[in-house]
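Report on the following structure.
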Amino acid sequence: MSSNCAVILAAGQGTRMKSSKPKVLAEVLFKPMIDWVTDAAVAAGIDDICLVTGFKHELIEEHFDGRFRTVVQSELLGTGHAVMQAKDFIKEHTPGNVLVLNGDAPLIPEETIKAALDFHIAGNNAATVISAKVENPFGYGRIIRSKDGRLKRIVEEKEATATEKIVNEVNSGAYWFSSSVLLESLEGIVEKHDKKKDKAVEYYLTDAVEVILEKGLNAAAYDASSPEIVLGANDRVQLQQLNDIARRHVLRKNMLNGVSIPCADGVIISPDAHIKADTEILPGTIIKGRTVIGSDCSIGPNSLIEDSEIGDGVVLNSVQCYSAQVKNGAHMGPFVRVRPGSVIGENVKVGNFVEFKNSVIGSNTSVAHLTYIGDTDVGSGVNFGCGCATANYNGKDKSRTEVGDNAFIGCDTCLVAPVKVGNNAYTAAGSVITEDVPDNALAIARSKESIKKDWVNRKKPYRWQK
Ligand code: UD1
Ligand code: CA
């Protein structure tokens, strides 16, 4: 643990996103941009974080649910003004260093944060600006250095002269500051004026650099030598570009870890998913959230796995699986839906058009086709025939069904919950089971077949009476 802290700027609306949510909640690989930023800070060892919120701040507060401090910037008067709102927080962390990050620049890596801190400390800096050289610097603050390469100031697009505009080293919006120096320097920032309206409109955090240099203290730029770290998204087109970059990074990391992705078409993997070596991911597969997948699995094609735990040697072919567990050796699909709270046991076989909801399925059980199992505890070695259903909902309450080990559920059985089928018990095909079936018993719950001899000739069904 370090005594250092971070202030993350997240008050902007991001008008061009055309969203009802704050911009920092826009998602890259299904993860809000602000989570990328907070995760990078935490991974770099800084977990004492204050978020400066503004537009729809309650949505960000709700999202973090008290995990980090938040302060509200009620009027968006610029990045300098935003940091001023976190004054009390920064004061509590004096002496020490404060990391300032833009909440809408999700590709800042923890390694860069750490390396910049080392640079900051080694240079005895009061301010370290993390910079990068980009192809097109338009819109970014330019890093202006003196002839001997020392940082002089940061100039924004609006204020830059023609020669300054050519500079392609830009401010990432991430900085390390000495906490006490930052607090003093914020007071020294002069507001920019809107000449037309003749009023103060913005306080630039970037101006703190000049204030610091005027005090005779050290301020320097740390060139992160990766143009991606500065990237943010102002609209959905840029958001898609961030997704593209992040997606390629995550796929590459997984492949280097031993995961096979023979064709990356439509494959999206969450940065927080963990997949073991020798597993293959097939086209059209989306792995979301904190999913964990073991080794020797085949996932896809066309599968969606979210916040689930998948064991080793599992086959999921066209499976949708949400907040569920699938144990070693289970084979499922195609066209299977596993809903939250379900646990699919070892070596379970599941065939086409099967749905599970909040159910536990014992090992070696087979559910081969067209079956719905909801709110059910199924033992091991059970066989479900084709077209079975649990009737777990009576329109008012949900009830559970229990199926014992090695039971055999005949085709088209309806198990009306609450009901229990014992160990080794059988249900006859087409049965509607409303009463418990004891161990080793056969339950037949359908009307007996009756034959009407020569009925057709006697009745002459109407369609033949032409
Ligand atoms: C800022 C930097 C620029 C840098 C760029 C990198 C300044 C003046 N400029 O410019 O040098 O190259 O980031 O992306 O700092 N925010 C608030 N409150 C405000 C204004 C902004 O919280 O009053 C937040 C935004 O929500 C956003 C971040 O600060 O997360 C950056 O703000 P933005 O307006 O995008 O700054 P840029 O103009 O991009
Ligand atoms: Ca920006």
Side-chain angles (χ1 to χ4, degrees), residues 6-17 19 21-26 28 32-38 41 49-57 59-60 70-86 89 99-108 112 127 129-134 136-144 151 153-160 164-165 167-175 177 182 185-186 189-192 200-211 219 221 223-224 227-235 238-239 242:
V7 173
I8 300 178
L9 309 187
Q13 172 177 5
T15 329
R16 281 186 280 159
M17 284 286 177
S19 173
K21 289 190 232 157
K23 179 183 178 180
V24 296
L25 291 182
V28 171
M33 292 200 280
I34 188 77
D35 286 4
W36 287 78
V37 179
T38 54
I49 294 173
C50 178
L51 304 162
V52 181
T53 59
F55 177 72
K56 298 261 179 94
H57 57 89
L59 294 180
I60 297 177
T70 53
V71 287
V72 178
Q73 183 189 18
S74 37
E75 227 188 328
L76 303 192
L77 297 178
T79 49
H81 182 260
V83 176
M84 283 177 207
Q85 312 309 304
F89 173 81
L99 169 71
V100 177
L101 296 171
N102 270 358
D104 63 350
L107 302 183
I108 180 99
T112 302
V129 184
I130 301 177
S131 70
K133 294 201 177 78
V134 297
N136 176 12
F138 181 83
Y140 291 103
R142 311 296 203 282
I143 301 290
I144 307 301
L151 177 63
R153 62 192 190 106
I154 302 170
V155 62
E156 293 303 302
E157 183 75 42
K158 268 192 244 170
E159 284 83 24
E164 286 170 335
K165 279 185 183 160
V167 173
N168 72 337
E169 185 183 6
V170 302
N171 171 20
S172 67
Y175 321 73
F177 288 100
L182 177 61
S185 319
L186 287 172
I189 294 178
V190 178
E191 69 275 22
K192 295 283 183 289
V201 278
E202 237 185 300
Y203 296 83
Y204 288 173
L205 176 59
T206 44
D207 287 348
V209 168
E210 272 171 280
V211 176
D223 183 351
E228 287 170 0
I229 63 150
V230 306
L231 294 179
N234 293 318
D235 57 33
Q238 290 176 346
L239 192 63
L242 287 184

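Counting starts at 1 for both ligands and their atoms, in listed order.
Under a 3.5 Å cut-off, the side chain of Q238 and the backbone N or O of A233 do not form any donor-acceptor pair. In this structure, the side chain of S185 does not engage the main chain of A208 through any donor-acceptor pair within 3.5 Å. Checking side-chain atoms of S131 against main-chain N and O of A224 turns up no donor-acceptor pair under 3.5 Å. Although no hydrogens or angles enter the test, the distance criterion places no donor-acceptor pair under 3.5 Å between the side chain of T112 and the main chain of I108. Put simply, the side chain of R142 gets close to the backbone of K165: a donor and an acceptor are under 3.5 Å apart.
Residue Q73 places at least one N or O, backbone or side chain, under 3.5 Å from an N or O of ligand 1. Any N or O atom pair closer than 3.5 Å counts here, and L205 shares no such pair with ligand 1. Looking at E156 next to ligand 1, an N or O pair under 3.5 Å apart turns up. Residue N171 has at least one N or O atom closer than 3.5 Å to an N or O atom of ligand 1. The shortest N/O to N/O separation between V24 and ligand 1 does not fall below 3.5 Å. Inclusion of K23 in the set of residues having an N or O under 3.5 Å from an N or O of ligand 1 is not warranted. The N/O atoms of T79, backbone and side chain alike, include one that comes under 3.5 Å of an N/O atom in ligand 1. Considering backbone and side-chain atoms together, L9 places an N or O closer than 3.5 Å to an N or O of ligand 1.
The option with the heavy atom closest to atom 20 (C) of ligand 1, from among G78, G232, A233, is G78. Around atom 14 (O) of ligand 1, the closest heavy atom drawn from I8, N102, V7 belongs to N102.
The closest approach between A105 and ligand 1 stays at or above 4.0 Å for every heavy atom of the residue. Put simply, no part of G54 is less than 4.0 Å from ligand 1, judged by heavy atoms.
Residue Y140 approaches ligand 1 through these ligand atoms, each under 4.0 Å from one of its heavy atoms: 6 (C), 12 (O). Close approach of ligand 1 to A82 is summarised as follows: ligand atoms under 4.0 Å from at least one heavy atom of the residue are 17 (C), 18 (N), 22 (O). Of all atoms in ligand 1, numbered sequentially from 1 with element shown, those under 4.0 Å from a heavy atom of G103 are 30 (O). The D104 neighbourhood of ligand 1 comprises atoms 27 (C), 30 (O), 35 (O), with distances under 4.0 Å to a heavy atom of that residue. Against a heavy-atom cut-off of under 4.0 Å, G141 is close to the following atoms of ligand 1: 3 (C), 4 (C), 11 (O), 12 (O).
Distance check: N171 CG to I154 CD1 gives 4.5 Å after rounding to the nearest 0.5 Å.
For E169, the salt bridge (Lys or Arg N to Asp or Glu O under 4.0 Å) partners two or more places apart in sequence, or in a different chain, are R145. With sequence neighbours excluded, no residue forms a salt bridge (Lys or Arg N to Asp or Glu O under 4.0 Å) with D235.
Screening V71, V24, T38 for a side chain to side chain contact (heavy atoms under 4.5 Å, CB included) with L51, the sole residue that qualifies is T38.
With a 4.0 Å heavy-atom cut-off, ligand 1 is reached by the backbone of A11 and by its side chain too. Only backbone heavy atoms of L77 (N, CA, C or O) come within less than 4.0 Å of ligand 1; its side chain stays farther off.
You'll find the side chain of L231 reaches within 4.5 Å of the side chain of L242, heavy atoms only. Side-chain atoms of E156 and K192, non-hydrogen and from C-beta on, never get closer than 4.5 Å to each other.
Across E157 and G139, no two heavy atoms sit closer than the pair OE1-N, 2.6 Å.
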